[in-house]
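One structure is given below, encoded as structure tokens.
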Amino acid sequence: MTNFNGAERFSISNLPKSFVKFLEDNEIDPSVYHINNLPRYIRLTGQHDPLLQQATLKELREQLSGPVLQVDGIDNFCRIDANEKIVDCQAYKDGKIFGMDLSSGIAVYSLDIKPDDHILDLCCAPGAKLCMIADLLANQKGIGTITGVDISNHRASTCKNLLKKYKVNRARIFVADGTQFSVMAPSYLEPLKRLVEANDRKNSGNKEEQTKDYKHRKNDVERNPIVKPFWAPQILRSDPQIVDEKYLYDKVIVDAECTHDGSIAHILKYEKWGWDAFEKNFMNPDRVNNLWDLQRKLIINAWNLLRPGGILVYSTCSLSRKQNEDVIGWFLSGHMNDAILEPIPDIGTLKTASLRNNNNIDISNAIRFDPLISNTSGFFVARIRKK
């Protein structure tokens, strides 16, 4: 297969034996690793800052050395050369673009974000999803927010730096176990919105309403200990974290921890970095054996934090059935009365791969991206609505 930059073939014999066995056990075609130069993708942003004009294709073509092609049918995504370095590009320095695989972008678009949605990203690192969600919210000018969760301080710090770079002001990050995270959507912005609509919060004549809102929040803070965010802008630092069903999240995305076997370009970098590090980071038997249990716990907790009528998006960058179709089949079989697997909307002209069979549950509305077919990283996306 010829890729965007001209194919470079990679021999499967170079891969570690433990990984080859993993591919065999999970019925993954090893030929996907023959592609050494899948195209990169970037997303155009800059909508957080009204002083920034969104980058144009002409501008990007002048700043980047290779071709820049707009992705048909998918807003604000462009395809660039696999070896293109964007860190020296002025548009990147100005916060007008960021790197993000197209398949990950489809997972975010599947949330169908509305202006006032409070959204939870239960596995938020390295932060591109947070930035894209915040960008979509900012463009719609509501009071929606994005809450990101990651178990690692180091990865949460990476997310924080990215949010600060792109001037995101309605996102907060928690360092927590996503299977146990329980902080509900922000409640502080709702009374704030009412006061803003009165035209001036500080000088509003409705002092009684302000006092009532403050006392309500203060009482709830006293009843429920505050979980301190790892990072939050000033507007979200004072949120009282009220525990009430009306503060369940409107949308939740679980881009679950997985074996990352679909991240072709990243995996093949270990030929230079050393396969010993790859086996330690990804093929540790204890880690691989516990992943399915982790993924199930993540999707259960996500469901518990989602309001009725809301949307949950589950995704991984794995090509294995066990981490994708089997997780969704298992979940739907336990939620026959309150969960609907919906089609993924607006995927344009993108080509998707066949799903792996699940004999018990119809999962035909989920989608799978395969490098050989889709020209993206390997990825799986399912969108579930809560009745």
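One is the number of the first residue; the rest follow in order along the sequence.
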Inset, instruction - Using a 4.5 Å cut-off on heavy atoms from C-beta on, say whether the side chain of F282 contacts that of T259. - result: no

Legend entry - Closest non-hydrogen atom pair, A366 against F380: CB-CZ, 3.7 Å

Inset, instruction - Describe, in one word, how the ring planes of F19 and F22 are oriented to each other, choosing from parallel (under 30°), tilted (30 to 60°) and perpendicular (over 60°). - result: parallel

Legend entry - Close side-chain approach of C78 and L44, heavy atoms under 4.5 Å: yes

Inset, instruction - Kindly determine whether W330 and H335 satisfy ring-ring contact (aromatic ring centres under 6.0 Å, His included), including the steps that lead there. - result: CA-CA 9 Å; W330 168 85; H335 291 269; 7.9 Å; no

Legend entry - Rounded distance (nearest 0.5 Å) linking atom CG of D135 with atom CD1 of I146: 12.5 Å

Inset, instruction - Measure from the side-chain N and O atoms of N324 to the backbone N and O of S318, and report whether any donor-acceptor pair falls under 3.5 Å. - result: yes

Legend entry - R385 side chain near I311 side chain, heavy-atom distance below 4.5 Å: yes

Legend entry - No-hydrogen, no-angle side-chain donor-acceptor test under 3.5 Å, W303 and D338: yes

Legend entry - N-O pairing of D293 and R296 below 4.0 Å: yes

Inset, instruction - Identify whether the distance between the nearest side-chain nitrogen and carboxylate oxygen of R307 and E245 falls below 4.0 Å. - result: no

Inset, instruction - Indicate yes or no for a side-chain donor-acceptor contact from R79 to the backbone of Y41 under 3.5 Å, with no hydrogens or angles considered. - result: no

Legend entry - SG-CG distance between C131 and L136, expressed to the nearest 0.5 angstrom: 11.0 Å

Inset, instruction - Measure from the side-chain N and O atoms of E84 to the backbone N and O of G66, and report whether any donor-acceptor pair falls under 3.5 Å. - result: yes

Legend entry - Side-chain donor-acceptor contact under 3.5 Å, D72 with T349: no

Legend entry - T56 OG1 to K96 NZ distance, which is reported to the nearest 0.5 Å: 8.0 Å

Inset, instruction - Apply the test side chain to side chain contact (heavy atoms under 4.5 Å, CB included) to residues V313 and I344: give CA-CA distance (whole Å), side-chain angles for both, the deciding distance (0.1 Å), then the verdict. - result: CA-CA 10 Å; V313 169; I344 305 299; over 6 Å; no

Inset, instruction - Give a yes or no on this: more than 12 heavy atoms of other residues, nucleotides or ligands lie within 6.0 Å of atom NZ of K387. - result: yes

Inset, instruction - Determine whether more than 12 heavy atoms belonging to other residues, nucleotides or ligands lie under 6.0 Å from atom NZ of K21. - result: no

Inset, instruction - Can you sort out the partners of F98 under ring-ring contact (aromatic ring centres under 6.0 Å, His included), two or more places apart, ordered by chain and number? - result: Y166

Legend entry - Validation row: L306, L248 side chains within 4.5 angstrom (heavy atoms): no

Inset, instruction - Could you tell me whether a side-chain N or O of D117 sits under 3.5 Å from a main-chain N or O of D250, the two making a donor and an acceptor? - result: no

Inset, instruction - State whether the side chain of S374 and the backbone N or O of D370 hold a donor-acceptor pair below 3.5 Å, judged by distance alone. - result: yes

Inset, instruction - Taking the side chain as every heavy atom from C-beta outward, state whether L332 and L341 have any atom pair closer than 4.5 Å. - result: yes

Legend entry - Derivation and outcome, salt bridge (charged side-chain N to carboxylate O under 4.0 Å, His left out), residues D116 and K114: CA-CA 6 Å; D116 296 333; K114 304 300 182 186; over 6 Å; no

Inset, instruction - Give a yes or no on whether a salt bridge exists between E257 and R287, defined as a side-chain N under 4.0 angstrom from a carboxylate O. - result: yes

Inset, instruction - Could you tell me whether a side-chain N or O of D239 sits under 3.5 Å from a main-chain N or O of S187, the two making a donor and an acceptor? - result: yes

Legend entry - Sole candidate of V227, I151, L120 that passes side-chain contact (heavy atoms from CB on, under 4.5 Å) when paired with F174: V227

Legend entry - Flag if over 12 foreign heavy atoms under 6.0 Å of CG, D29: yes

Legend entry - Backbone N/O of V68 and side chain of R61: donor-acceptor pair under 3.5 Å: yes

Inset, instruction - Identify the two heavy atoms, one from S377 and one from S103, that lie closest to each other, and give their separation to 0.1 Å. - result: O-OG, 4.0 Å

Legend entry - Q63 side chain to Q90 backbone, donor-acceptor under 3.5 Å: yes

Inset, instruction - Find out whether P186 and R172 are in side-chain contact, i.e. whether some heavy atom of one side chain is under 4.5 Å from a heavy atom of the other. - result: yes

Legend entry - N169/I235 under side chain to side chain contact (heavy atoms under 4.5 Å, CB included): CA gap, chis, key distance, verdict: CA-CA 8 Å; N169 62 6; I235 196 171; 5.6 Å; no

Legend entry - Heavy atoms of other groups near K386 NZ, more than 12 under 6.0 Å: yes

Legend entry - 4.5 Å side-chain heavy-atom contact, D255 and F379: yes

Inset, instruction - Determine yes or no for a side-chain-to-main-chain donor-acceptor pair under 3.5 angstrom, with T158 supplying the side chain and H154 the backbone. - result: yes

Legend entry - Polar side-chain atom of W292 near backbone of Q323 as donor-acceptor pair, under 3.5 Å: no

Inset, instruction - Decide, yes or no, whether a salt bridge links K280 with D276 under the criterion of side-chain N to carboxylate O below 4.0 Å. - result: no

Inset, instruction - Taking only Lys NZ, Arg NE, NH1 and NH2, and the carboxylate oxygens of Asp or Glu, determine whether R356 and E325 approach each other closer than 4.0 Å. - result: no

Inset, instruction - Report yes if some heavy atom in the side chain of Y314 is under 4.5 Å from a heavy atom in the side chain of T316; otherwise report no. - result: yes

